[in-house]
Amino acid sequence: MHKVIYDTDPGVDDAMALLFLHRHSEIDLLGITTVFGNASVETTTRNALFLKREWDIAAPVAKGAGVTIDPSRPDRPWPTVVHGHNGLGDIDVPETIDLPLDSRPAHQFIIDTVRANPGEVTLVAVGRMTNLALALRHDPEIASLVKGVIIMGGNFYVPGNVSPVAEANIHGDPEAADIVLTAPWKVVVVGLDVTAVTVMTRSYLAEMAAAGDAPVKLLDRLSQSYIDFYGHIIDEAMMVHDSCACVYLVAPELFETRSGAVRVVCGGIADGQTILKPDGRRFPPGDWDGYPSQIVCTGIQSVKVLDLIRSTLLSA
Ligand code: BDR
Ligand code: CA
């Protein structure tokens with residue numbers, strides 16, 4: 001059984017990934033921690049509680065960071081054109097959800113849960129990396145106590161999605177991402193190289209909804225405007241970014257990877273760019289030296305990944 005803490009900014013593709021984690025028979029979802037990104041942390045937390053209620057998820061929700069780890073970074077507008085004004089494709093979501101939040105901030109929830117399950121917890125982080133960076137800052141020892149870390153973020157041999165060189169989750173808090181990627185733990189980076197080619201069509205989702213129960217039908221409804229948004233680059237389909245990170249947890253054989261130290265550019269026109277120093281390549285001394293070798297996904301068997309998502313979501 002994979003014990004997981006899901007760090008997320010729901011978020012349309014975050015919602016699909018949450019249902020995948022909830023329904024996969026080999027995954028034990030210990031907690032959901034929220035972060036700002038696709039909307040404010042107030043909104044992403046409300047959305048997490050909404051999905052927990054609608055999908056009857058037992059895992060607690062802990063509210064996390066609402067600003068970048070370097071508070072002097074300027075605020076950026078929310079990506080309402082992608083995830084809607086409410087973060088869930090502008091379907092009807094009550095303003096408040098009558099469910100309790102965990103009393104701890106997300107980073108403390110992460111620390112406590114990792115310490116209570118040494119060597120067993122995988123952190124699956126699919127929003128900005130702020131909560132993970134705060135957890136490391138407050139308790140650096142957790143780096144040796146987690147089982148692993150899988151993030152959706154970054155891009156290596158393909159363009160970014162918020163700038164020509166940067167992906168949204170990393171660009172949204174580059175300093176936090178650099179802390180996470182250079183810490184002495186094993187990070188698997190599931191970025192746009194693999195997620196941007198893993199697209200689910202509107203009709204594939206509609207067929208899933210027709211075959212599935214109320215949670216899958218809700219997922220279909222909240223994904224419609226996200227699919228509309230992608231119309232400028234793909235036809236009648238959406239990239240299922242965050243689910244790819246969850247699939248890696250249970251089916252890593254569906255991915256091709258390279259390894260090496262990864263750094264994040266902080267500032268300037270390449271703000272938020274992720275750069276791999278491939279293991280085995282020699283360079284003069286530089287800014288990648290002395291950091292742990294991480295795993296970067298560069299290839300994916302998208303059809304099999306989509307099939308696994310489908311069978312998992314329909315497994316209830
Ligand atoms: C990532 O950014 C967010 O919009 C998505 O939820 C995903 O985690 C893709 O770049
Ligand atoms: Ca996300």
Side-chain angles (χ1 to χ4, degrees), residues 4-21 32-41 43-45 47-48 51 61 64-66 68 76-90 106 123-132 149-156 158-174 176-177 180 188-200 219 222-223 225-230 232-234 237-248 264 271-274 296-297 300 305 309:
V4 168
I5 297 174
Y6 182 48
D7 191 74
T8 176
D9 59 336
V12 172
D13 60 318
D14 304 69
M16 177 182 283
L18 175 60
L19 193 56
F20 179 91
L21 293 172
I32 301 164
T33 52
T34 61
V35 67
F36 72 123
N38 289 328
S40 72
V41 72
T43 300
T44 61
T45 305
N47 292 350
L51 296 171
V61 175
T68 49
R76 296 207 180 91
W78 309 121
T80 53
V81 66
V82 188
H83 295 269
H85 292 274
N86 72 357
L88 289 179
D90 288 337
L123 306 177
V124 178
V126 299
R128 298 177 187 194
M129 302 299 142
T130 323
N131 290 336
L132 271 60
V149 181
I150 305 173
I151 69 166
M152 188 282 133
N155 53 293
F156 295 85
V158 298
N161 60 2
V162 286
S163 87
V165 294
E167 181 279 328
N169 288 343
I170 306 298
H171 187 258
D173 197 345
V180 168
V188 177
V189 187
V190 181
L192 296 177
D193 300 69
V194 296
T195 68
V197 294
T198 306
V199 297
M200 185 178 285
L219 188 64
L222 68 83
S223 300
S225 67
Y226 184 69
I227 295 173
D228 295 341
F229 161 75
Y230 274 112
H232 69 292
I233 37 175
I234 42 178
M238 61 182 177
M239 299 177 187
V240 293
H241 302 289
D242 293 346
S243 293
C244 291
C246 303
V247 168
Y248 185 94
V264 179
D271 200 25
Q273 181 176 14
T274 46
V296 167
C297 293
I300 186 166
V305 167
I309 294 170

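Start at 1 and go down the list; that is how both ligands and their atoms are numbered. Please read these numbers as outputs of a predicted model, since none were measured by experiment.
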Would you sort out whether Thr8 and Asp14 count as a side-chain hydrogen bond (donor to acceptor under 3.5 Å, both in side chains), showing the intermediate values? CA-CA 6 Å; Thr8 176; Asp14 304 69; 2.9 Å; yes
Specify the closest pair of heavy atoms between Leu132 and Ala125, including all atoms of both residues, with the distance to one decimal.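 Result for this residue pair: CD2-CB, 3.8 Å.
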CE on Met239 to CD1 on Ile233, rounded to 0.5 Å: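 These two atoms lie 3.5 Å from each other.
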Amino acids contacting ligand 1, non-hydrogen cut-off under 4.0 Å: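 Only Asp13, Asp14, Asn38, His83, Val126, Met152, Asn161, Glu167, Ala168, Asn169, His241, Asp242 have heavy atoms that fall under 4.0 Å of ligand 1, ordered by chain and number.
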With the Ca ion (ligand 2) at the center, what angle do OD1 from Asp14 and OD2 from Asp242 span, rounded to 10 degrees? 70°
By atom name, which N, O or S atom belonging to Asp9 lies closest to the Ca ion (ligand 2)?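 The Ca ion (ligand 2) is closest to the Asp9 atom OD1, counting only N, O or S.
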Exam field: side chain Asp193 to backbone Phe156, donor-acceptor pair closer than 3.5 Å: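 Checked: pair present.
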Under 4.5 Å between any side-chain heavy atoms of Met238 and Asp13, yes or no?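 Heavy-atom side-chain distance check fails, nothing below 4.5 Å.
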Side chain proximity check, Val124 to Cys246, heavy atoms < 4.5 angstrom: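 Yes, side chains in contact.
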List the steps and the verdict of side-chain hydrogen bond (donor to acceptor under 3.5 Å, both in side chains) for Thr68 and Asp173. CA-CA 6 Å; Thr68 49; Asp173 197 345; 5.0 Å; no
Check whether any N, O or S atom of Asp13 sits under 3.0 Å from the Ca ion (ligand 2).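 So Asp13 does not count as coordinating the Ca ion (ligand 2).
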Are any N, O or S atoms from Val126 nearer to the Ca ion (ligand 2) than 3.0 Å?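 It does; at least one qualifying atom falls short of 3.0 Å.
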Do Thr44 and Asp9 get their side chains close enough for a donor-acceptor pair, meaning under 3.5 Å?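 No, no side-chain donor-acceptor pair sits under 3.5 Å.
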